[in-house]
Structure formats: C-alpha cells, structure tokens
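None of these values were measured; they are calculated from a predicted model. In this chain, numbering begins with 1 at the start of the sequence shown.
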Amino acid sequence: MARLSRMQQDGKLATILFFLPPALVLFTIFVIWPIINAAHLSFFKWSGYGEVTNFVGMQNYQRLVGHSVFHQSMWNSLKLVLASILIQIPLALAMALLIYRKTTVNTAFRLIFFAPYILAEIATGLIWSFIFDGDYGVSGQIATALGIEPIYILADRQYAFMAIITVIVWKYFGYHMMIFIAALQAVPSDLIEAADIDGAGPWQKVFYVKLPLIAHAIKLSAFFAIIGALQVFDIIIPLTNGGPSNSTHSIVSYLYTYGLAQLNVGYGSAVGVVLFILCLVSAFGYRRLALTKGDVL
C-alpha cells in the first residue's frame with residue numbers, strides 16, 4: 001500500500017493507468033488471440049473456408065511427427081542456428097574488430113557490409129537465385145569460362161542448402177557486425193591505454209579487454225541469431241521454394257507449403273504451435289543458460 005501511495009503521489013500510477021490498457025488491448029488482439037486461435041485450429045481439419053467443425057483431435061500432430069519432410073525441415077532449421085552461431089557471429093565479430101575505429105575508410109566498409117541487410121529478403125533471394133543459375137547466372141558464366149559443365153547449385157540436393165546458408169550469412173552478418181561495433185566503441189579508451197602500458201599485445205587486448213567488455217552484445221546478438229534462424233522463410237522461397245525434393249525447407253517454409261498453400265490451415269496451425277514452442281523454449285532456455293544477472297534482453 002505504501003508503494004502504491006508513493007506511485008500515486010509521483011504521478012506514476014496515473015501514467016500506468018493511462019498507457020497500459022491500450023497496450024494490453026493491442027497485445028491481446030495481435031499476439032495473444034492469434035496464438036490461442038492457432039492452438040484451437042490445430043485440432044481441426046479446416047481449409048480456411050466455412051465453419052470450423054471437423055474436429056480431428058491430435059491427428060495433425062501425429063501426421064507432423066510421422067512426416068519425413070517435417071523432420072528434414074527441423075534439421076535444416078537446426079543447421080541454420082548452428083551456422084548463425086558458428087559462422088555468422090564469429091565473422092561479424094572479426095570484421096567489427098577490424099573496422100570499429102572511427103575513420104573514413106572504416107565508415108565506407110561499414111556501409112558496404114551493412115548494405116545487404118537493408119535489402120528485402122525476397123529481393124535478396126531473387127538476386128542470389130540469378131547468381132546461382134547454371135545457365136545465365138554468375139556460376140554458369142564461371143563454369144563456361146573454365147570450360148566445365150554448368151553446375152545447377154539450387155537444383156542439387158548436395159549443394160542447395162549450403163547455398164541458402166551462404167546467402168543468409170551474407171545478408172545478416174552486417175547487422176551483427178554493427179551491434180559489435182557499437183559495443184566496441186563504448187569500451188573505455190583508458191583501459192586500452194592501460195593494456196598498452198602493461199605490454200599487452202593485439203590478441204591479448206582482444207581476449208582480455210575487448211571481448212569481456214562486449215560480452216553482453218555478443219549474447220544479445222546470439223539470441224537474435226537463434227530466433228531469426230528459426231523463422232527463416234522469405235529467402236528460401238525465391239531461392240529453392242523448399243526443393244529439390246523438399247530438401248531445403250525450414251520450419252516456416254514447411255508451414256507455408258503444407259499448410260497455407262495446400263489450404264490445410266489446421267495442419268499449418270499445428271506446425272505454427274510447434275514453432276511457437278520451439279521459439280519460446282529457445283528464448284527462455286537461452287536466457288537461463290547464457291545470460292547473467294546484469295544482462296538484459
């Protein structure tokens with residue numbers, strides 16, 4: 001009661017009562033209700049038209065568990081998470097360490113490396129689908145110049161998903177690089193000078209001064225990378241559309257292909273529920289395992 005009285009005297013209570021209800025209403029309409037509705041629809045067979053009456057219980061989830069393409073999409077999403085953590089973030093961190101200082105040349109490099117992130121995902125997919133085209137694209141031109149048979153990368157089960165990983169790393173590593181640059185620029189210069197006076201070499205300053213001081217940024221970037229990798233969709237559709245032979249689906253592209261595109265909204269809702277649970281478990285699990293008391297997501 002005492003705290004409530006202090007909040008009323010400070011005017012904080014009036015601010016909360018004025019701003020909180022509209023936010024709660026919007027959050028409920030656009031977040032909570034769609035989640036509840038998707039969970040409800042996942043127990044029905046429904047095409048998206050007419051009344052929702054054909055209750056099928058757990059059949060959508062049973063079909064999900066037994067579908068080999070869904071297993072492949074889960075494995076692909078896991079590979080995207082691993083590529084984001086093991087390739088994308090280290091590459092972004094290395095580049096940030098090279099160009100974080102404020103110079104004209106470094107600014108130019110930042111713009112170059114950050115530019116792919118500005119491109120829309122669909123545009124990125126279309127550009128790289130042309131690059132990988134074995135007849136008219138860059139890979140086809142290189143094969144012709146070398147006098148070898150053209151390689152149709154996006155039509156080859158062995159290389160198609162590697163191509164998708166390449167595009168995703170190319171597009172998003174600049175975003176993580178900018179997070180690291182901002183963190184590195186906030187490192188106090190007197191600590192770097194003190195390390196110089198103590199005779200620390202370049203690698204020692206990186207591992208014992210810079211990296212510990214930007215650990216919060218690395219953890220935040222890894223969190224974004226994990227959640228983003230689980231939600232990849234827009235790049236896969238123009239590149240491979242899940243092919244060849246459904247070998248390059250992510251969970252979201254699988255949801256679109258086998259749920260919305262085939263007018264099986266109930267089944268798609270079941271996939272959406274599984275994806276929501278994966279994202280939720282990843283978010284809270286990461287927060288519990290990787291973040292310390294002072295870190296904020």
- Going by heavy atoms in the side chains, are Leu119 and Ile127 under 4.5 Å from each other? yes
- Message: Could you check whether any side-chain N or O of Asp133 sits under 3.5 Å from a backbone N or O of Asp135, counting only pairs where one atom can act as donor and the other as acceptor?
- Response: yes
- Query: Does NZ in Lys79 sit with more than 12 non-hydrogen atoms of other residues, nucleotides or ligands closer than 6.0 Å?
  - Reply: yes
- Query: According to a 4.5 Å side-chain heavy-atom criterion applied to Ile, Leu, Val, Met, Phe, Trp and Tyr, with indirect links allowed, do Met178 and Leu97 form part of one hydrophobic cluster?
  - Reply: yes
- How about Tyr61: does its OH atom have over 12 heavy atoms from other parts shown lying under 6.0 Å from it? yes
- Query: Near Phe55 CZ, under 6.0 Å, is it more than 12 heavy atoms from other residues, nucleotides or ligands?
  - Reply: yes
- Query: At their closest point, which heavy atom of Ile89 faces which heavy atom of Ala222, and how far apart are they?
  - Reply: CD1-CA, 3.4 Å
Per-pair distances, 0.1 Å, donor-acceptor, side chain in residues 182-197, under 3.5 Å, sequence neighbours excluded:
{"unit_1": "Gln185", "atom_1": "NE2", "unit_2": "Tyr100", "atom_2": "O", "d": "2.9"}
{"unit_1": "Asp196", "atom_1": "OD1", "unit_2": "Lys205", "atom_2": "NZ", "d": "2.7"}

- Query: Do Leu263 and Val56 belong together in a cluster built from hydrophobic side chains that touch within less than 4.5 Å?
  - Reply: no
- Classify the side-chain pair Ser250/Ser77 by whether it contains a donor and acceptor separated by less than 3.5 Å. no
- Message: With rounding to the nearest 0.5 angstrom, report the CZ to NZ distance, Phe224 to Lys219.
- Response: 15.0 Å
- Query: If you round to the nearest 0.5 Å, how far is CG of Leu82 from CD1 of Ile226?
  - Reply: 9.5 Å
- Message: Tell me if a side-chain donor or acceptor on Asp156 pairs with a main-chain N or O of Gln158 at a distance below 3.5 Å.
- Response: yes
- Message: Between Ile251 and Val271, is the side chain to side chain contact (heavy atoms under 4.5 Å, CB included) condition met? List the steps.
- Response: CA-CA 8 Å; Ile251 299 177; Val271 180; 4.1 Å; yes
- Message: Testing the basics here: between Pro244 and Ala160, what is the closest heavy-atom pair and its distance to 0.1 Å?
- Response: CD-CB, 3.8 Å
- Message: Donor-acceptor check, side chain of His176 to backbone of Leu91, threshold 3.5 angstrom: yes or no?
- Response: no
- Task: Give a yes-or-no answer on whether the side chains of Thr103 and Asn106 include a donor-acceptor pair shorter than 3.5 Å.
- Result: yes
- Message: What I'd like to find out is whether the side chain of Phe284 reaches to under 4.5 Å of the side chain of Arg288, using heavy atoms alone.
- Response: no
- Answer yes if Leu154 and Ile122 sit in the same cluster of Ile, Leu, Val, Met, Phe, Trp and Tyr residues linked by side chain heavy atoms under 4.5 Å apart, and no otherwise. no
- Task: Name all residues meeting the salt bridge (charged side-chain N to carboxylate O under 4.0 Å, His left out) criterion together with Asp234; count only those two or more places apart in sequence or in a different chain, and write none if there are none.
- Result: none
- Quick check: does any side chain N or O of Ser221 sit under 3.5 Å from a backbone N or O of Ala217, one acting as donor and the other as acceptor? no
- Which atom names give the shortest non-hydrogen contact between Arg101 and Arg110, and what distance separates them? O-NH2, 2.8 Å
- Item | Whether over 12 other heavy atoms sit under 6.0 Å from Phe44 CZ | yes
- Close side-chain approach of Ser282 and Leu230, heavy atoms under 4.5 Å: yes
- For Ser253 and Phe233, indicate whether the former's side chain and the latter's backbone hold a donor-acceptor pair under 3.5 Å. no
- If we ignore angles and hydrogens, is there a donor and acceptor under 3.5 Å between the side chains of Tyr254 and His67? yes
- Kindly indicate whether the side chain of Ile237, heavy atoms from C-beta on, has any atom under 4.5 Å from the side chain of Tyr256. yes
- If you look at every heavy atom in Leu239 and Val167, which pair is closest and at what distance? CD1-CG2, 4.0 Å
- Item | Side-chain donor/acceptor of Trp33 to backbone N/O of Ile36, under 3.5 Å | no
- Do you reckon Leu260 sits in the same ILVMFWY cluster as Tyr49, going by side-chain contacts under 4.5 Å, direct or chained? no
- Check the hydrophobic clustering (I, L, V, M, F, W, Y; side-chain heavy atoms under 4.5 Å; chains of links allowed) and say if Phe207 and Leu213 are grouped together. yes
- Side-chain contact, heavy-atom cut-off 4.5 Å: Ile131 with Ser139? no
- Query: Just checking, Arg63 and Tyr267: is the charged tip under 6.0 Å from the six-membered ring centre and within 45° of the axis?
  - Reply: yes
- Query: Is a side-chain donor or acceptor of Arg157 paired with a backbone partner of Ser247 at a separation under 3.5 angstrom?
  - Reply: no
- Message: Quick check against the 3.5 Å criterion: does Gln262 have a side-chain atom that pairs as donor or acceptor with the backbone of Gly259?
- Response: no
- Contact check, side chains of Tyr117 and Phe173, non-hydrogen atoms, under 4.5 Å: no
- When the ring planes of Tyr258 and His249 are compared, do they come out parallel, tilted or perpendicular, using 30° and 60° as the limits? perpendicular
- Task: Measure from the side-chain N and O atoms of Trp170 to the backbone N and O of Gly174, and report whether any donor-acceptor pair falls under 3.5 Å.
- Result: no
- Task: Report yes if the side chains of Gln231 and Ile227 come closer than 4.5 Å at any heavy-atom pair, otherwise no.
- Result: yes
- Message: For Phe109 and Leu98: C-alpha separation, side-chain torsions, deciding distance, then whether side chain to side chain contact (heavy atoms under 4.5 Å, CB included) applies.
- Response: CA-CA 10 Å; Phe109 277 114; Leu98 289 174; over 6 Å; no
- To which residues is Tyr136 joined in a hydrophobic cluster, defined by side-chain heavy-atom contacts under 4.5 Å among Ile, Leu, Val, Met, Phe, Trp and Tyr, whether direct or through other members? Phe130
- Message: For Ala96 versus Ile181, what's the shortest heavy-atom pair and its separation?
- Response: CB-CG1, 3.7 Å
- Modelled atom types, side-chain donor and acceptor of His40 and Asn37, under 3.5 Å: no
- Query: So, for Pro34 and Thr28, which heavy atoms are closest and what is the spacing to 0.1 Å?
  - Reply: CD-O, 4.2 Å
- Message: Within the 4.5 Å heavy-atom criterion, are Phe43 and Asn60 side-chain neighbours or not?
- Response: no
- Task: Look at the aromatic rings of Phe132 and Trp128 and report parallel, tilted or perpendicular, splitting at 30° and 60°.
- Result: tilted
- Item | Worked verdict on Leu211 versus Leu93 for side chain to side chain contact (heavy atoms under 4.5 Å, CB included) | CA-CA 10 Å; Leu211 292 186; Leu93 182 57; 3.8 Å; yes
- Message: Let's go through Gln204 and Val209 carefully: what are the C-alpha distance in whole Å and the side-chain angles of both, what is the deciding distance for side chain to side chain contact (heavy atoms under 4.5 Å, CB included) to 0.1 Å, and is it a yes or a no?
- Response: CA-CA 8 Å; Gln204 290 174 315; Val209 179; over 6 Å; no
- Message: Donor-acceptor pair, distance only, cut-off 3.5 Å: does the side chain of Lys171 make one with the backbone of Pro116?
- Response: yes
- Query: For residues Tyr172 and Glu121, is any side-chain donor paired with an opposing acceptor at under 3.5 Å?
  - Reply: yes
